[in-house]
Amino acid sequence: MSLIADGKTDFQACIDACSRAAQSCMECFDACLDEPDVSSRKKMLGLLVECAMTAQNSITLMAMNGQLTKEHCELCAKICDMCADECAKFEEQHCQNCADVCHVCANECRQMANEM
């Protein structure tokens with residue numbers, strides 16, 4: 001993590017990872033609604049939305065260098081891990097891709113929080 005010209009912390013790598021996670025979660029959510037076993041995905045569908053919203057909020061807090069950015073990104077990492085673990089249980093490529101993207105986001109959020 002580095003400082004940008006105005007003295008604020010540069011969260012760009014984490015912001016990018018959160019953006020990819022939010023997008024991937026919503027794409028997976030949409031694709032899962034068309035799966036024949038949608039009722040067995042109830043837990044995952046909830047986590048996909050929760051993860052996407054948490055990642056979006058993390059982006060906002062990082063962009064404004066919010067006072068609780070570290071704590072929020074720690075929470076985002078936890079939710080991303082939970083979402084990734086649930087997505088990994090399903091064989092469809094969109095679920096597997098989402099699991100991978102969410103694990104990357106979780107790692108970025110943890111690293112950023114540890115460096116603050």
Asker: Would you check, one step at a time, whether the test side-chain contact (heavy atoms from CB on, under 4.5 Å) holds for Phe11 with Asn65?
Answerer: CA-CA 9 Å; Phe11 300 119; Asn65 201 21; 3.5 Å; yes
Asker: Atom CG in Leu47, atom SG in Cys87: separation rounded to 0.5 Å?
Answerer: 8.0 Å
Asker: Out of curiosity, does Phe29 fall in the hydrophobic cluster containing Phe90 (side-chain heavy atoms, cut-off under 4.5 Å, transitive links)?
Answerer: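 In one cluster: yes.
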Asker: Regarding Gln96 and Glu92, is there a side-chain donor-to-acceptor distance under 3.5 Å anywhere?
Answerer: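 On atom types as modelled, these side chains do not qualify, holding no pair under 3.5 Å.
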Asker: Do you know which two heavy atoms are closest between Cys98 and Ser24, and how far apart they sit?
Answerer: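 The pair with the smallest heavy-atom distance is CA-OG, 3.2 Å.
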Asker: Show the nearest heavy-atom pair for residues Leu48 and Cys83, with the distance to one decimal.
Answerer: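 Minimum heavy-atom contact is CD2-SG, 3.6 Å.
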Asker: Compute whether any side-chain donor of one residue and acceptor of the other, for His94 and Glu35, lie under 3.5 angstrom apart.
Answerer: yes
Asker: Would you say that Met64 contacts Thr69 through its side chain, given a criterion of any heavy-atom pair below 4.5 Å between the two side chains?
Answerer: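 Result no, sub-4.5 Å side-chain heavy-atom pair not found.
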Asker: Rounded to the nearest 0.5 Å, how far apart are CD of Gln23 and CD of Glu27?
Answerer: 4.5 Å
Asker: Quick one: OG on Ser58 to CD on Glu74, what's the gap to the nearest 0.5 Å?
Answerer: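 Rounded to the nearest 0.5 Å, the OG-CD separation comes to 10.5 Å.
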Asker: Considering all heavy atoms of both residues, which atom of Cys25 and which atom of Ala52 are nearest to each other, and what is their separation?
Answerer: CB-CB, 3.9 Å
Asker: Has Met26 got more than 12 heavy atoms of other residues, nucleotides or ligands less than 6.0 Å from its CE?
Answerer: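 Above 12, so yes.
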Asker: Using side-chain heavy atoms (C-beta onward) and a distance below 4.5 Å, is Glu108 in contact with Ile15?
Answerer: no
Asker: Show your reasoning for whether side-chain contact (heavy atoms from CB on, under 4.5 Å) applies to Met62 and Cys18.
Answerer: CA-CA 10 Å; Met62 285 184 277; Cys18 285; 3.9 Å; yes
Asker: Please give me the minimum heavy-atom distance between Ala77 and Cys109, naming the atom from each residue.
Answerer: CB-CB, 3.9 Å
Asker: Enter the distance from Ile59:CD1 to Thr54:OG1 here, rounded to the nearest 0.5 Å.
Answerer: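 These two atoms lie 11.0 Å from each other.
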Asker: When you compare the side chains of Asp16 and Gln12, does any donor N or O come within less than 3.5 Å of an acceptor on the partner?
Answerer: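 There is such a pair between these side chains.
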Asker: Can you give me the closest heavy-atom contact between Val38 and Leu33, atom names plus distance?
Answerer: CG2-CA, 3.9 Å
Asker: Salt-bridge test for Asp81 and Arg110: reply yes if a basic N is under 4.0 Å from a carboxylate O, no otherwise.
Answerer: yes
Asker: For residues Leu45 and Cys32, report the shortest heavy-atom separation together with the two atoms involved.
Answerer: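 The answer is CD2-CB, 3.7 Å.
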Asker: So how far is it from Gln93 CD to Cys28 SG, rounded to the nearest 0.5 Å?
Answerer: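 Going from the CD atom of Gln93 to the SG atom of Cys28 covers 10.5 Å.
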Asker: Taking it one step at a time, do Cys95 and Lys89 satisfy side-chain contact (heavy atoms from CB on, under 4.5 Å)?
Answerer: CA-CA 8 Å; Cys95 294; Lys89 294 177 183 177; over 6 Å; no
Asker: To the closest 0.5 Å, what do you measure between OG (Ser40) and NZ (Lys42)?
Answerer: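 Result: 12.0 Å between the selected atoms.
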